[in-house]
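Structure record follows, encoded as structure tokens.
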Amino acid sequence: MMIKLPKWDQTLINKYNVSGPRYTSYPTALSLTEGYQQQDLLSAIESSNSRALSLYIHIPFCSQLCYYCGCNKIITRHQSKADTYLDFLAIEIAAQAPLFKDYTLEQLHLGGGTPTFLTTQQMSRLVKLLELHFNFTDATERGIEIDPRSLADNMLVDLSNLGFNRVSFGIQDFNDEVQLAVNRPQNADTVKQLITQARELGFKSINADMIYGLPLQTPQSFKQTIEQLLELSPDRVSVFNYAHLPERFAAQRKIKDADLPSAHNKLTMFKNTLEQMTQAGYQFIGMDHFAKVNNELAVAQNAGQLHRNFQGYTTHGNCDLLGLGVSSISQIGTAILQNQKELKHYYHSVETQSGCAITKGMHLSADDVIRADAIKQLICQFELDMEAFSAKHALNFNHYFADALTAIEPLIADGMVTIENNMISVTARGNLFIRIICMCFDAHLQKQLNATRFSRVI
């Protein structure tokens, strides 16, 4: 199948640009509750059908505060804090890795914070620890998020020597004024040199993260930023919608409301980006992701094999996900488990609970598993074969999802979705609103809408 290019419909945008979950899991992380521990991890592994592993390591440190950031991070200039963190991470790895001795590691990803806050020596220590305890193969993907501003000289060479073969550069914007407004000044030439070097070193996938809706951005300035980005020709691009939630994230209080682009200008930025990216030969994967048409994300989507988890769109749908480090989330079998979110609590748990820092979680009910599958198919493939789905889960789709089919009727009336020949299909007018379409299938949503704020869907 080929994904339809999004069709811009201003009337629908005015009507439907509401807030909603990003569905990196179903149920979303908001459904997690306290009281989970090591035994829940053991049960999850026992009940899982997979013996393939995706491993996520959270490195929380950054040397400088970016005002837009909503990530779990610690701002520090003290490199020794990373040594302490690695000491505790080593205890957690030694405790949890043996449980996965039957698993083959397909994917390693380091996120943060700023993973490249670690020195080469610290990074080498971490990689050796992981190689000692997990079953790496020659085919294991090793990815890392990189802040181009704080990368030590030769760090890309060192990362390549440590086996990393994928890099994701956090660029956000090339405009100097915008960078200053979010306290993230960086040199465009440095970014260009790093991407060129990564290509020369043979990194298999080079990704770029951008953000629209930041202070002082204009449709014209962001169009130039995307032009500069396209000259660098990354394999994948994420263009995130900045969610301004100063009441939740203290750093965002440093951003002046008056500097933020209007809702209309923000939408124009995304519209321009869609046109620029697709004209440059990128496939719109969904929501905020683009990939070159020959990239495995696009290939997987066209083959109906794309997956989505806490790391976003992925080709590793067969893997259980193990998260290690502060705030990390694991998804194993039908369980979602999260580590302590605060560093001091993480340290305390690792120390007093034999290397386990799990504190929150949930076990998916049979209904959760069925709805998760429906949402995954829609958000990854933009279509769902009701007959095949009924056979797979031994249910009557129309009867089981009567609530969802009622909720989706207004979207059908607005030309965003069609249901024909037992196939739910998201139209070109509807695929910008995939989150809203998925919300029709979400049984947990009403409780959560009353309790939280999500980002807008566009």
Is it true that [X] and [Y] make a salt bridge, defined as a side-chain N closer than 4.0 Å to a carboxylate O?
| X | Y | answer |
| --- | --- | --- |
| R184 | D147 | yes |
| R166 | D235 | no |
| D403 | R371 | yes |
| E296 | R236 | yes |

Is it the case that [X] and [Y] place a side-chain donor and acceptor less than 3.5 Å from each other?
| X | Y | value |
| --- | --- | --- |
| Q381 | Q301 | no |
| H289 | S238 | yes |
| Q179 | Q172 | no |

[X]: which of [options] passes side chain to side chain contact (heavy atoms under 4.5 Å, CB included):
| X | options | result |
| --- | --- | --- |
| F169 | I206, N207, D209 | I206 |
| I424 | F389, F441, F382 | F441 |
| R199 | L201, T196, I195 | I195 |

Is a side-chain donor or acceptor of [X] paired with a backbone partner of [Y] at a separation under 3.5 angstrom?
| X | Y | answer |
| --- | --- | --- |
| T119 | Q122 | yes |
| E34 | K360 | no |
| N272 | M269 | no |
| D320 | G333 | yes |
| N154 | V157 | no |
| S25 | P27 | yes |
| K292 | A298 | no |
| T278 | E275 | yes |
| S43 | Q39 | yes |

Are [X] and [Y], when compared by the centres of their aromatic rings, separated by less than 6.0 Å?
| X | Y | value |
| --- | --- | --- |
| Y36 | H363 | yes |
| Y26 | H444 | yes |
| Y242 | Y212 | no |
| F290 | Y282 | no |

Please round to the nearest 0.5 Å and tell me the distance separating atom [atom1] of [X] and atom [atom2] of [Y].
| X | Y | atom1 | atom2 | result |
| --- | --- | --- | --- | --- |
| R429 | T418 | CZ | OG1 | 12.5 Å |
| T137 | E106 | OG1 | CD | 8.0 Å |
| L321 | L53 | CG | CG | 7.5 Å |

Practice task
Return the orientation label for the Y56 and H109 ring planes: parallel under 30°, perpendicular over 60°, tilted otherwise.
Solution key: parallel
Handout entry: Parallel, tilted or perpendicular, as decided by the 30° and 60° cut-offs, for the rings of Y347 and Y85
Key = tilted
Exercise for the section: In sequence, state the C-alpha distance, the side-chain angles, and the governing distance for K392 and E387, and then conclude on salt bridge (charged side-chain N to carboxylate O under 4.0 Å, His left out). Expected result: CA-CA 9 Å; K392 179 179 175 183; E387 202 171 334; over 6 Å; no
Exercise for the section: Take Q311 and Q107, measure what side chain to side chain donor-acceptor pair (under 3.5 Å) needs, and give me the verdict at the end. Expected result: CA-CA 11 Å; Q311 292 171 46; Q107 186 183 38; 4.6 Å; no
Exercise for the section: Begin from the C-alpha positions of L232 and L230 and carry the test side-chain contact (heavy atoms from CB on, under 4.5 Å) through to its verdict. Expected result: CA-CA 5 Å; L232 303 178; L230 289 171; over 6 Å; no
For a 4.5 angstrom cut-off between non-hydrogen side-chain atoms, does [X] reach [Y]?
| X | Y | answer |
| --- | --- | --- |
| I379 | M287 | yes |
| M362 | L337 | no |
| V326 | N339 | no |
| L324 | H58 | no |
| Y23 | L378 | no |
| F203 | S160 | yes |
| C62 | I74 | no |
| V293 | N295 | no |

Practice task
Evaluate the criterion side-chain contact (heavy atoms from CB on, under 4.5 Å) for residue pair R142 and F136; output intermediate values, then yes/no.
Solution key: CA-CA 10 Å; R142 304 188 190 205; F136 282 78; 3.4 Å; yes
Handout entry: From CA spacing to verdict: side chain to side chain donor-acceptor pair (under 3.5 Å), Q217, D173
Key = CA-CA 9 Å; Q217 279 180 341; D173 194 303; 2.7 Å; yes
